[in-house]
Amino acid sequence: QVQLVESGGGLVQAGGSLRLACAASGRTFSSYAMGWFRQAPGKEREFVATINWSGAGTYYADSVKGRFTISRDNAKSTTYLQMNRLKPDDTAVYYCAGAGGSFTTIRLYDYNHWGQGTQVTVSS
């Protein structure tokens with residue numbers, strides 16, 4: 001079975017940076033697109049970023065574009081989310097997700113494997 005484990009969350013002041021990591025196991029990591037989503041209390045889970053099978057193709061939500069960078073290291077079966085210039089509105093539980101296909105997608109239902117989530121809190 002596929003397992004995804006996020007790490008790297010924490011508390012940071014506005015304007016600061018964090019790097020999240022998602023370690024994958026259980027399937028051929030390099031064949032599948034990956035994504036990051038987040039969910040704040042009382043809100044729906046929302047798309048943050050996605051990366052295609054090779055890492056050459058990426059796509060970001062407008063709210064994070066220019067501040068966040070998604071990347072992957074297929075040799076390490078790990079996906080990263082570098083978060084810069086963090087804002088209080090970025091506060092959420094961040095989830096790593098594995099897609100059923102190879103291409104970038106923003107749709108939650110295209111992702112069939114999910115990590116446990118890691119808390120990111122950005123103070124004012």
Side-chain angles (χ1 to χ4, degrees):
Q1 291 294 314
V2 173
Q3 290 184 269
L4 301 174
V5 180
E6 303 97 334
S7 62
L11 175 65
V12 64
Q13 288 188 346
S17 298
L18 287 172
R19 188 176 77 157
L20 307 183
C22 172
S25 63
R27 70 174 182 175
T28 305
F29 176 78
S30 62
S31 296
Y32 301 97
M34 301 292 294
W36 287 95
F37 293 78
R38 66 188 183 186
Q39 187 167 22
K43 296 184 178 180
E44 295 184 349
R45 191 166 299 186
E46 66 173 344
F47 166 76
V48 175
T50 182
I51 188 165
N52 77 344
W53 65 275
S54 71
T58 60
Y59 190 80
Y60 300 90
D62 288 343
S63 59
V64 307
K65 189 174 183 179
R67 299 188 298 119
F68 291 11
T69 303
I70 188 171
S71 61
R72 68 192 296 163
D73 185 338
N74 286 345
K76 297 180 179 179
S77 297
T78 302
T79 307
Y80 303 94
L81 185 69
Q82 179 67 47
M83 305 185 294
N84 298 326
R85 294 165 22 230
L86 283 160
K87 304 175 180 179
D89 286 348
D90 295 320
T91 296
V93 176
Y94 282 71
Y95 296 92
C96 176
S102 300
F103 308 115
T104 58
T105 175
I106 68 171
R107 298 177 296 187
L108 271 73
Y109 58 81
D110 284 338
Y111 294 87
N112 51 23
H113 295 93
W114 295 85
Q116 298 288 326
T118 185
Q119 177 71 47
V120 172
T121 303
V122 184
S123 62
S124 302

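As the structure is a computational prediction, the values presented were derived from the model and not from experiment. One is the number of the first residue; the rest follow in order along the sequence.
Here the shortest heavy-atom pairing between Thr105 and Ala99 reads CG2-CB, 4.5 Å. In terms of heavy atoms, Phe29 sits closest to Thr79 at CZ-OG1, 3.2 Å. Taking all atoms of both residues into account, the shortest heavy-atom contact from Gln82 to Asn84 is NE2-OD1, 3.0 Å. In terms of heavy atoms, Pro88 sits closest to Ala14 at CD-CB, 4.0 Å. Here the shortest heavy-atom pairing between Leu4 and Ala24 reads CD2-CB, 3.5 Å.
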Test Thr91 against Val120 for side-chain contact (heavy atoms from CB on, under 4.5 Å), laying out the working first. CA-CA 5 Å; Thr91 296; Val120 172; 5.9 Å; no
Passes side-chain contact (heavy atoms from CB on, under 4.5 Å), Leu108 versus Arg45? Steps please. CA-CA 8 Å; Leu108 271 73; Arg45 191 166 299 186; 4.0 Å; yes
Apply side chain to side chain donor-acceptor pair (under 3.5 Å) to the pair Asp73 and Thr78, showing each step before the final yes or no. CA-CA 5 Å; Asp73 185 338; Thr78 302; over 6 Å; no
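Within the model, atoms OH of Tyr111 and CE of Met34 stand 8.5 Å from one another, a figure rounded to the nearest 0.5 Å. In this structure, OH in Tyr60 is found 12.0 Å from CZ in Arg67, a value given to the nearest 0.5 Å. Distance OG1/Thr58 to NZ/Lys65: 9.0 Å, rounded to 0.5 Å. Going from atom OG1 of Thr118 over to atom CZ of Arg38 covers 14.0 Å, rounded to the nearest 0.5 Å. Interatomic distance, Glu6 CD to Cys96 SG, rounded to the nearest 0.5 Å: 5.5 Å. Within the model, atoms OG of Ser71 and CD1 of Ile51 stand 6.0 Å from one another, a figure rounded to the nearest 0.5 Å.
Note on Tyr59: it does not cluster hydrophobically with Ile70, by side-chain heavy-atom contacts below 4.5 Å among ILVMFWY residues. Both Leu18 and Val48 are assigned to one and the same hydrophobic cluster, defined by single-linkage of ILVMFWY side chains at heavy-atom distances under 4.5 Å. Leu81 and Tyr95 fall into different hydrophobic clusters, where Ile, Leu, Val, Met, Phe, Trp and Tyr side chains are chained together by heavy-atom contacts under 4.5 Å.
Around CD of Gln3, the count of heavy atoms belonging to other residues, nucleotides or ligands within 6.0 Å does not exceed 12. Other residues, nucleotides and ligands contribute only 12 or fewer heavy atoms inside 6.0 Å of the CD atom of Gln116.
Between the side chain of Arg85 and the backbone N or O of Gly66, at least one donor-acceptor pair lies under 3.5 Å. A donor-acceptor distance shorter than 3.5 angstrom exists from the side chain of Asn52 to the backbone of Gly57, with no hydrogens or angles considered.
Just one of Phe68, Tyr80, Trp36 meets the side chain to side chain contact (heavy atoms under 4.5 Å, CB included) condition when paired with Leu20; it is Trp36.
The six-membered or imidazole ring of Phe37 lies near that of Phe47, with a centre-to-centre distance under 6.0 Å.
Remark: Asp110 engages Arg107 in a salt bridge (charged side-chain N to carboxylate O under 4.0 Å, His left out) (not counting sequence neighbours).
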